[in-house]
Amino acid sequence: MVLTEPEKKAIGTICLLAGPVTFFENILVLLVIASSVTLRKRPSYLFISSLALADTFASCFFTISFLDFHLYSQNDGPNIYLFKLGGVTMAFTGSVGSLLLTTLDRYLCIYQASNYKVLLTRTRAKLAIVLLWCVTIIISFLPLMGWRCATNFNPPCSRLFPYVDHHYLAFWTGLQLVVLFLIIVAYALILWKANRHETAMGGPKSGRQSVKGQARMRMDIQLARTLSLILLILAVCWLPVLSFMIVDVTVTLTNKQQRMFAFCSTLCLVNSCVNPLLYALRCKELRGELFALLACCKACGKNTLGNTHSKRNENSSGIRKKSKDQAVTDSNPDTISEVVDKQ
């Protein structure tokens, strides 16, 4: 609660813009994957669903808790405050953990292409997601379960988070840095593999091989651009926040530094807003399912209007309710899965 009035307005504007957008983006991703039998069977999209779920939580928990604390200066008791903080921590820990699962999935797809479907089955993907969320929930609510400070801000309490012990903050920050390091290493290895494959394709080639080599080069360049963008966004959104947390463990932050941390914290919400665009909506298959879902919804809307008109006519002519229900059933469009299979 160190923000000035102009800073409060700026923070409120950022949260009220990014929060709802993040929520609707990730809900849309979850709906598309849930409505498609094809996508639900693939481990890659299960990991993307976990990421979208975590970012949905982040859009709700972070926006409400952050605005409640910094703008409305709610002076909650220790348990209520740590419960709210645990929800925010759970959302962002689950988001970064899901990013790691998505990265490992892509790593296995590149380095174990022949054994990929054997190594990463749907059952193993579900177990990995369940394990991730169990560990996430336990870690996030450790302060509420007792790993806390007895005082508000006095040492060894954090200056950034009331009632949070320095040792817990150091533990959580170190864990996030390790996860981000693993993500960076995995993407670096993927880029190295792509570059090595491109080099191995050098030398004299026939016309057909030359065309294939150029196509592969374009794919490698596109992959490099995508991964570079992912790493850049991760670094910009997370390193400032984690840096402030590391400094908070070692020295006492000033009010100015705490205000800077408040603005840097909103970058985590921006990361959750960008994740659907990077990991979900860039996928051609998911976009195809999205268009199929929108087409089906449009068809359902037209049929609903037609059925309403026909029901009124049937009521006026004295047709039985059973006959009306049967007419509505016969006029319903195919399910989403049927529409997708036909396409």
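Nothing fancy with the numbering, it's 1 onward along the sequence. Just so it is clear, the structure is predicted and the values come from calculations on it, not from any experiment.
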(request) Kindly determine whether F141 and L82 satisfy side-chain contact (heavy atoms from CB on, under 4.5 Å), including the steps that lead there. (result) CA-CA 8 Å; F141 289 98; L82 291 176; over 6 Å; no
Atom [atom1] in [X], atom [atom2] in [Y]: separation rounded to 0.5 Å?
{"X": "S49", "Y": "R42", "atom1": "OG", "atom2": "CZ", "answer": "12.0 Å"}
{"X": "L132", "Y": "L101", "atom1": "CG", "atom2": "CG", "answer": "5.5 Å"}
{"X": "I230", "Y": "T103", "atom1": "CD1", "atom2": "OG1", "answer": "7.5 Å"}
{"X": "L51", "Y": "T56", "atom1": "CG", "atom2": "OG1", "answer": "9.0 Å"}
{"X": "S243", "Y": "F261", "atom1": "OG", "atom2": "CZ", "answer": "11.0 Å"}
{"X": "L16", "Y": "I11", "atom1": "CG", "atom2": "CD1", "answer": "11.0 Å"}

When you compare the side chain of [Y] with that of [X], does any pair of heavy atoms fall below 4.5 Å?
{"X": "I139", "Y": "F171", "result": "yes"}
{"X": "S98", "Y": "F47", "result": "no"}
{"X": "Y116", "Y": "D105", "result": "yes"}
{"X": "V37", "Y": "K41", "result": "yes"}
{"X": "T266", "Y": "C15", "result": "yes"}
{"X": "N26", "Y": "L53", "result": "no"}
{"X": "I233", "Y": "L278", "result": "yes"}

Closest non-hydrogen atom pair between [X] and [Y], with its separation:
{"X": "T93", "Y": "S140", "result": "OG1-OG, 4.0 Å"}
{"X": "T89", "Y": "Y168", "result": "CG2-OH, 4.0 Å"}
{"X": "P43", "Y": "A125", "result": "CB-CB, 3.7 Å"}
{"X": "L269", "Y": "S59", "result": "CD1-CA, 3.9 Å"}
{"X": "V118", "Y": "R124", "result": "O-NH1, 3.4 Å"}
{"X": "A52", "Y": "V29", "result": "CB-CG1, 4.0 Å"}

(request) List the steps and the verdict of side-chain contact (heavy atoms from CB on, under 4.5 Å) for D248 and L169. (result) CA-CA 9 Å; D248 182 48; L169 185 61; 3.3 Å; yes
Same cluster or not: are [X] and [Y] linked, directly or through other Ile, Leu, Val, Met, Phe, Trp or Tyr residues, by side-chain heavy atoms under 4.5 angstrom apart?
{"X": "L131", "Y": "I183", "answer": "yes"}
{"X": "W147", "Y": "V135", "answer": "yes"}
{"X": "V21", "Y": "I27", "answer": "no"}
{"X": "V178", "Y": "L189", "answer": "yes"}
{"X": "F181", "Y": "V236", "answer": "no"}

(message) Before you tell me yes or no, could you show the steps for F244 and F263 under ring-ring contact (aromatic ring centres under 6.0 Å, His included), namely the whole-Å CA-CA distance, both residues' side-chain angles and the distance that decides it to 0.1 Å?
(response) CA-CA 11 Å; F244 272 106; F263 278 93; over 10 Å; no
(request) Hey, can you tell me if F57 and W133 have their rings parallel, tilted or perpendicular (30° and 60° cut-offs)? (result) perpendicular
(request) Might you confirm whether atom CZ of F83 has over 12 heavy atoms from other residues, nucleotides or ligands at distances under 6.0 Å? (result) no
(message) Test your reading of the model: is there a side-chain donor-acceptor pair from T63 to the backbone of C60, 3.5 Å cut-off?
(response) no
(message) Counting the benzene-type ring for Trp, do W172 and F92 have ring centres under 6.0 Å apart?
(response) no
(request) Have a look at N275 and tell me which of T22, T102, D55 forms a side chain to side chain donor-acceptor pair (under 3.5 Å) with it. (result) D55
(request) Determine, step by step, whether H166 and S158 satisfy the side-chain contact (heavy atoms from CB on, under 4.5 Å) criterion, reporting the C-alpha distance in whole Å, the side-chain angles of both residues, the deciding distance to 0.1 Å, and the verdict. (result) CA-CA 6 Å; H166 273 161; S158 167; 4.2 Å; yes
(message) side-chain contact (heavy atoms from CB on, under 4.5 Å), that's the test. Do F62 and C268 meet it? Break it down for me.
(response) CA-CA 9 Å; F62 177 85; C268 298; 5.6 Å; no
